[in-house]
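These notes concern the structure reproduced below.
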Amino acid sequence: MISAELTLEYGKFRANLNKAVSEARAAKQQMASDTTGMGGFVFGGGGTGSGYGGGRSGGRIGGRPGGGSAIGGISMQMQDVMVQAQMGTSTSQIVGQQVPQMLQNFGPKGQIIGAIIAAGAAAVTAGQMAKKEFAAFRAETEALEKSLEDLAEVGSFPELLEGAEKLEAHMKKLSAAVENSNTFLGRLGGAFGELMGGKSYDERQDEYSRQQAQALKFKYELQKSLIASSQEELEIAKAKAAGDETAAKQLERRRNLANEIAKIEASDLSRITKDQLISNAQTASAYAGGAEDRAAAEQKAKEQKDARDRIESLKDQTAKQARDSLPDDEKLGALSKEMEAVFAKMQREGGLFFDPSIEGLQKLAEARIKSGDNAGAEAALEMLREAQGLMAEMDTLTAKIRDQGAAAAKEMADKAKEAAEEVSNLRKETGSNAIDMMPPKEQMDAFRNELKAAFGFDVNSSADVSRGLKGLQDQADAAARAGDREGEKTALEKLKAAQESAQNLAGVDLPTIGNPIGSLGGAVNRILGRDANEIVAEETRRQTDVLIQIERLLRNPPGSRNTNPTQIPVPFDVFR
Amino acid sequence: MKRLGSVTSRNIDDEVEIQFKGIIVEAYKITPPAQGSGRTGRAAGLHAQDKIGRDLRSVFAPVTLKGTRVINHLFGDTSPDVGRQPPYQVPTVEIHPDVEAIYRRRKERGAARFRKVISRGQKAAYYVAAVKLEALATKLKKRVGWLAAGFNAAAERLKAPIPPYAKAHNKGAGTIDIKKSDNGISIVMTNRVAYASSVPEIERRLQRAVNTQAKKIERQLPYIIAKAAKTIPELKAS
């Protein structure tokens, strides 16, 4: 089973038709009662013409025979207008479509006007009235806008109030004009007005919109000015109520002066003229104040100056205290900034072309003294004194910082030296400890390296050791002969270290060398009373043992497989 | 109000009824035998009937059943006189007595032409009595247009044209319901054939027809109302 349904509800259309009927009825009544305007023209109610179609000889209007058909055509158009309106067509569309059709009843445009005049002046009146009314309203609005513009700037309180009332009335008229222009008859009248050279509907609407916006703007400006003006009145009333007539008069004078200046500014005079007038007004106002006012003003100015000076002094004191509490380096920075501030002040107060330095201040002071500007010279000298004080303080602080720095640097250098010595000793100890903990082979290599560093050549035999030691001894003797105690001391230290290394290399725990060798050694031995030959033999024997041991080790390093006994030649080119 | 109502209702209702005829015409077009054939009117009906015949012939082969047959030898007869005696006349048995059942069965299975594999020399799948086959064909052909006849009631009421194949079934199995009131008009057309909605895409096409006609009405309405308004005295020129 299948079904198809079609439903239509025409309640809406019925409602529109009912509306069309009622509005058509009302419009017809209105137009019928309007005997001179559009209604009379359409429905034959009157007009200044002598009727329709027969108003002129010939009776032709726009090429149509008679003229009655033209009016009948208008009537039909009106009916179409009503129906179209209720079908939801916009008013502008209706007028745009129907009015030309109406006018077509009278032929081409050039003939329309003539035909309308011939037919009766009602249509002319409607159009002319629409055009004139709009033009007059526009002129009135422009004049009001101009006056309100001036009023917002210079008006007194009563004037502002009056202006606000006028503006309110104008805005109401404007709303009414806008509303009327959008009614059906208003639109038709406007259309005829346009035909007679007036503004089109859109142009009129634009103008109305502009006027409405402008009116709102003026309303806001006037309200602002009213509030400001009433505030001034309030201040004056308060002063009077407090019994301070002087203050009240001053306020009034100030207000009047401000209004006068605003009026001068709003005028069309040249800038120079305005400035002169304003200056004159201000002077006149000052004179109008009288001597008492002047004295009061001077007293007030003096009090203000004293207060400013006290404030400056307090500021300086607090700044100085804050500066003194800073560490020396920061204090130096603060002093430097104060110095810069003094020079900046110098340049601001007329010293722009002078060098921002103490010499520049001196020159500025001299220049002012020369030119007779005693006050300026005093100010410059004051600044100079301040700058010199700051400079002295900075110098003292700088010296102090320098001395502190030097002491600290010396202390640090001493500490560094001590640390270096400790490090060196530690290195030696750790070096020797390290060597002690090495295996025999590595120990031997370490001792050989020490001897190599001391002698400057590699040690491969006991002969090398002897030769090296002899060389160091020669150095010490040469330094002693040259009187270089430091050099002798250094050489002997090296010799001592080399001998220790040689002993270590030998692995012989020999007593320390109590008998110095060389010429010094000989001298000491003689002092001790020992026989020289005996000393030499003993020493030779001892040194030979050391060398033999060294030779043995070098030929058969520890850990080597060669266990054969080695014949070691005894070196005879040993120590002296 | 009443006067307005009568003026308005008469014009608009007429218009709606006129436009509804378009829906009925479209409904005939989208139901068999017009649907798919591209033919309308009498040609569609004839084409449908021809198709029925072709379909039957592709499955059935008509045979004139005599009821007996002559044989010379009976099965199992071993007498020496076989072949010398006059032939025997024995009755025959109809193999496919129920032609319509075969037709229905094959239709239910949904075969397009319900073909059976036929052996060489065979003309059709089933040999059936010609009389019975003819009777079936007649019956089937008579039913052409039955579905379309479901719209006859609406067509008759609104004076829409009815195709000949549908007219043969008189009012058919359908109804129309027209309701008029002050607020509007409603027309409902129903086709009560059980398998009406099984026609491919009938719902969609019918809906499209309704929409098309509804738009036509909407376009006509302003002119109808304007025309009606001019008859109202208050809106007449003085």
Side-chain angles (χ1 to χ4, degrees), chain A residues 1-34 39-45 68-89 93-94 97-98 101-102 105, chain B residues 1 4-5 7-9 12-13 15-17 19-20 23-24 26-27 31 150-151 154 173-175 177 179 181-199 202-203 206-207 209-210 213-214 217-218 221-222 224-226 228-230 232-238:
Chain A
M1 189 171 82
I2 192 164
S3 64
E5 181 181 346
L6 188 63
T7 304
L8 176 68
E9 290 175 6
Y10 39 74
K12 183 179 77 174
F13 305 110
R14 185 192 304 286
N16 284 348
L17 267 178
N18 290 340
K19 196 174 164 192
V21 166
S22 58
E23 289 199 7
R25 198 178 292 142
K28 280 178 78 171
Q29 281 170 3
Q30 182 189 359
M31 291 171 79
S33 63
D34 180 9
F41 175 65
V42 170
F43 293 103
S69 61
I71 303 305
I74 291 275
S75 297
M76 292 302 291
Q77 294 301 135
M78 290 305 297
Q79 174 190 302
D80 286 344
V81 163
M82 293 301 171
V83 173
Q84 204 170 3
Q86 296 319 314
M87 289 308 296
T89 313
Q93 203 172 346
I94 294 172
Q97 288 174 1
Q98 299 295 344
Q101 288 179 22
M102 279 187 213
N105 287 305
Chain B
M1 283 296 288
L4 273 172
V7 167
T8 313
S9 295
I12 293 180
D13 293 347
E15 188 62 33
V16 171
E17 285 178 5
Q19 295 301 336
F20 200 90
I23 298 175
I24 299 171
E26 182 65 22
T31 47
F151 300 121
T175 57
D177 188 15
K179 284 184 190 153
S181 68
D182 284 344
N183 292 326
I185 177 171
S186 171
I187 302 177
V188 180
M189 170 182 77
T190 307
N191 186 333
R192 296 189 184 279
V193 174
Y195 51 87
S197 56
S198 64
V199 175
I202 188 169
E203 285 183 17
L206 205 55
Q207 183 63 54
V210 168
Q213 298 313 119
I217 292 170
E218 279 175 25
L221 270 178
I224 298 167
I225 292 174
K230 284 183 184 173
I232 298 173
E234 284 85 347
L235 296 180
K236 276 184 185 170
S238 60

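Quick note: numbers below take in every heavy atom, side chains included, and nothing from hydrogens, waters or symmetry partners. Since the model is a prediction, treat every value here as computed from it, not as a measurement.
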Inset, instruction - Between chain A and each of B/Met189, B/Lys179, B/Gln213, count heavy-atom pairs under 4.5 Å; write down the option with the most. - result: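 Looking at each of B/Met189, B/Lys179, B/Gln213 in turn, B/Met189 comes out on top.
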
What's the spacing between [X] [atom1] and [Y] [atom2] if we round to 0.5 Å?
| X | Y | atom1 | atom2 | value |
| --- | --- | --- | --- | --- |
| A/Met1 | B/Thr190 | CE | OG1 | 6.0 Å |
| A/Thr7 | B/Ile185 | OG1 | CD1 | 9.0 Å |
| A/Ile2 | B/Glu203 | CD1 | CD | 4.5 Å |
| B/Ile23 | A/Glu5 | CD1 | CD | 10.5 Å |

Legend entry - Part of B/Gln207 lying under 4.5 Å from any heavy atom of chain A: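 Contact with chain A is absent: no heavy atom of B/Gln207 under 4.5 Å.
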
